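Read the structure below first, then the notes.
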Amino acid sequence: MTKMIKVLKGTKDILPQEAEKWHRLEKNALEIFSKYGYKEIRTPILEATELFARGVGDTTDIVNKEMYTFEKSDRSITLRPENTAGVVRSFIENGMARLSAPVKLWYKGPMFRYERPQAGRQRQFHQVGVEMFGIKEPTADAEVILLAVDYLKSLGLNDLEVEINSLGCPNCREEYKKRIKEVLKPEFNHLCEDCQNRYEKNPLRLLDCKVDSCKEIFAKPEIQKVIQSDFICEECAKHYSDLKSYLTKLNVPYVENKLLVRGLDYYNRTVFEIKSNNLGSQNAVCGGGRYDSLVKNLGGEDTPAVGWAMGMERLNSLLPDVEPEKLDAYIVCNSPSDAFELAQELRVKGIKVEFDLANKKFTKQLEKASKVAKYALILGEDEIKSNKVSIKNLETSEQVSVDRNDVINNIG
RNA sequence: GCGUCUGUCGUCAAGUGGUUAAGACCUCGGAUUGUGGUUCCGAUAUGCAUGGGUUCGAAUCCCAUCAGACGCCCCA
């Protein structure tokens, strides 16, 4: 036997039995997002590598070690690891800054990251996300979070927790980083290897380290004092507290998490995540925040923006399984040409109907009908002669004989 | 990149050194050539992830490789 070719590590087939759940995710996205005025945008899966290096940030793990990058005709090309950079690229390239603000866009589609797969993490996965451009006020942050919660509710997901934080602006954040590094300097040699790396790369990240020895260090009063201090500047603080009061007014429950830091470089001020307790250790279904300098950094007009992305596989695993939908009818007939004819008559009218293409025995056909359909439409020699169809309700076993043109009125 | 655990039919599995590798579901066929879902009968792994080794004898023990699950890092 020739060697089996299997799906690549970290990739998965989405099988027919899961299709209905995916349709639900997609249908609700379209419905809910359009209620808030969002339009769908579809950007290419392939983009110039440089877009992500400049957009996502070349100190991030995503760009440094997780991208699928290859050379083609002297160009470096990358499979998108996320879609904010692509949407921003399109926003700039298509002159959307000239449109009346806000510009509200949503997307869905596959993303690619070369990581070790585990629960809730694949190398090819799907995200659905929104981006809003042109509004610097905290109303935009609030609406975008409200939209996320609304969408999750539409899927029946209620027991999720919204976590928020403010990273401040580049100015006040630098100040905060400096203070963290100062207070941790004497402890540097006692930090774990990961934390020592984070010390230079992203000091904000090392505060929620899970290693016990690090936890002990961070628990020290003088260090806690720095962590808990309100470092953000007045303007940022106002933005943050306005956001919080909007959320309260809108009945969006949230918890503040000072340790919430997103791993992408472009965020400023608001960051948030939505988490579930019913997932593994990868428990965030939604992550997002404000990125006021990204559009400018990628060569566009200075345009404030907020957005988020959700992992569709993670959402999907929280959704209850659904029974596969049955056919409306299955035609039981020994004459394929007559069965074809009846099937097409009904399909034109919107009925879901199949018949046995292999022309098996009557009892086999009926058996199949009972498995896959609500009604069996029996079209035998007698029925064909008299232009009738016998309709059998496969749940109640009731059977009636009706005129062929009347079938549609009897299988509702 | 690191760590832990796991690989027996399409699926779920029993078997943990001794003749032909249980069972269940699914699928297919028959009982049943115009009446299904219940029932009964039958079919379906010369092979236990792959390759070596130990042994009189290996699905079972050892080694390597591969694959998967979970966790770290990071993220959706």
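Chain A is the first sequence line, chain B the second, and so forth, proteins listed ahead of strands; every chain is numbered from 1. This structure is a prediction, so every number in the text was calculated from the model and none was measured.
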Touch class at under 4.0 angstrom, heavy-atom based, for A:I378 against every strand present: base

Donor/acceptor link under 3.5 angstrom from A:E383 side chain onto base of B:G34: yes

Touch class at under 4.0 angstrom, heavy-atom based, for A:G287 against every strand present: sugar-phosphate

Touch class at under 4.0 angstrom, heavy-atom based, for A:N334 against every strand present: nothing

Paired and unpaired positions of RNA chain B as dot-bracket, Watson-Crick or G-U wobble under 3.5 Å, | denoting a partner strand: ((((((((.[[[..)..(....]]].(((((.......))))).....[[[[[..)....]]]]])))))))....

Heavy-atom closest pair, residues A:Q124 and A:P110: NE2-CB, 3.5 Å

Polar pair under 3.5 Å, donor/acceptor by atom type, side chain A:K361, base B:U33: no

Side chain of A:S390 (C-beta onward), nearest among B:A76, B:G37, B:G34: B:G34

Pair A:F355 and A:F340, ring centroids less than 6.0 Å apart: yes

Interatomic distance at P, B:U6 relative to B:U46, whole Å: 27 Å

Salt bridge flag under 4.0 Å for residues A:R404 and A:E345: yes

Partners passing ring-ring contact (aromatic ring centres under 6.0 Å, His included) against A:Y375 (at least two apart in sequence or in another chain): none

Nearest heavy-atom neighbours spanning A:I62 and A:P81: CG2-CB, 3.6 Å

5′-ward residue of the pair A:N283/A:L8 relative to RNA chain B: A:L8

Sugar-phosphate only, base, or nothing, as touched by A:E313 at under 4.0 Å among non-hydrogen atoms: nothing

OP1 or OP2 of B:C70 under 4.0 Å from side-chain N/O of A:R116: no

Length of the CD-C1' vector between A:E82 and B:C74, whole Å: 14 Å

Atom-pair distance (CD on A:Q282; P on B:A69), nearest Å: 13 Å

Given A:R269, A:K244, A:H239, the one that forms side chain to side chain donor-acceptor pair (under 3.5 Å) with A:D141: A:H239

Which nucleotide in B:G3, B:G36, B:A76 has an atom nearest any side-chain atom of A:L394: B:G36

With A:S245 via side chain to side chain donor-acceptor pair (under 3.5 Å) - residues at least two apart: none

Selection from B:G37, B:G71, B:G29 that lies nearest to any side-chain heavy atom of A:K360: B:G29

Below 4.0 Å: OP1/OP2 of B:C72 and any side-chain N or O of A:Q118: yes

Touch class at under 4.0 angstrom, heavy-atom based, for A:A284 against every strand present: sugar-phosphate

5'-most by nearest nucleotide on RNA chain B - A:G280 or A:L366: A:L366

P atoms of B:A58 and B:U19, separation to the nearest Å: 11 Å

Nearest-Å distance once atom P is located in both B:C41 and B:C5: 45 Å

Donor/acceptor link under 3.5 angstrom from A:R314 side chain onto base of B:C75: yes

Whole-Å gap separating P (B:G36) and NZ (A:K326): 16 Å

Interatomic distance, A:L279 CG vs B:C70 P [rounded to whole Å]: 11 Å

Nucleotide nearest A:R113 (side chain, heavy atoms from C-beta), chosen from B:C75, B:G36, B:C73: B:C75

Pair of N/O donor and acceptor under 3.5 Å linking B:G36 base with A:K364 side chain: no

Touch class at under 4.0 angstrom, heavy-atom based, for A:G288 against every strand present: nothing

B:A49 versus B:C25 - spacing of their C1' atoms, nearest Å: 23 Å

Euclidean distance, atom CZ of residue A:F362 to atom P of B:U32 [Å, nearest integer]: 16 Å

Donor/acceptor link under 3.5 angstrom from A:S397 side chain onto base of B:G37: yes

B:A24 versus B:U39 - spacing of their P atoms, nearest Å: 13 Å

Protein-nucleotide distance (A:E273, atom CD; B:A76, atom C1'), rounded to Å: 9 Å

B:A67 to B:G23 separation - C1' atoms, rounded to the nearest Å: 27 Å

Short N-O contact, A:D328 and A:K374, less than 4.0 angstrom: yes

Salt bridge (charged side-chain N to carboxylate O under 4.0 Å, His left out) between A:E182 and A:K185, intermediate numbers included: CA-CA 5 Å; A:E182 254 170 45; A:K185 198 160 196 175; over 6 Å; no

Distance-only donor-acceptor test (3.5 Å): side chain A:R121, base B:C74: yes

Enclosure of A:K368 NZ (heavy-atom neighbours >12, cutoff 6.0 Å): no

Nearest-angstrom distance from the residue atom NZ of A:K9 to P of B:G68: 4 Å

A:T363 side-chain N/O to B:G36 phosphate OP1/OP2 under 4.0 Å: no

Separation of B:G36 C1' from A:E367 CD (nearest whole Å): 7 Å

B:U54 to B:G7 separation - P atoms, rounded to the nearest Å: 25 Å

Same-atom distance (P) from B:G15 to B:C2, integer angstrom: 35 Å

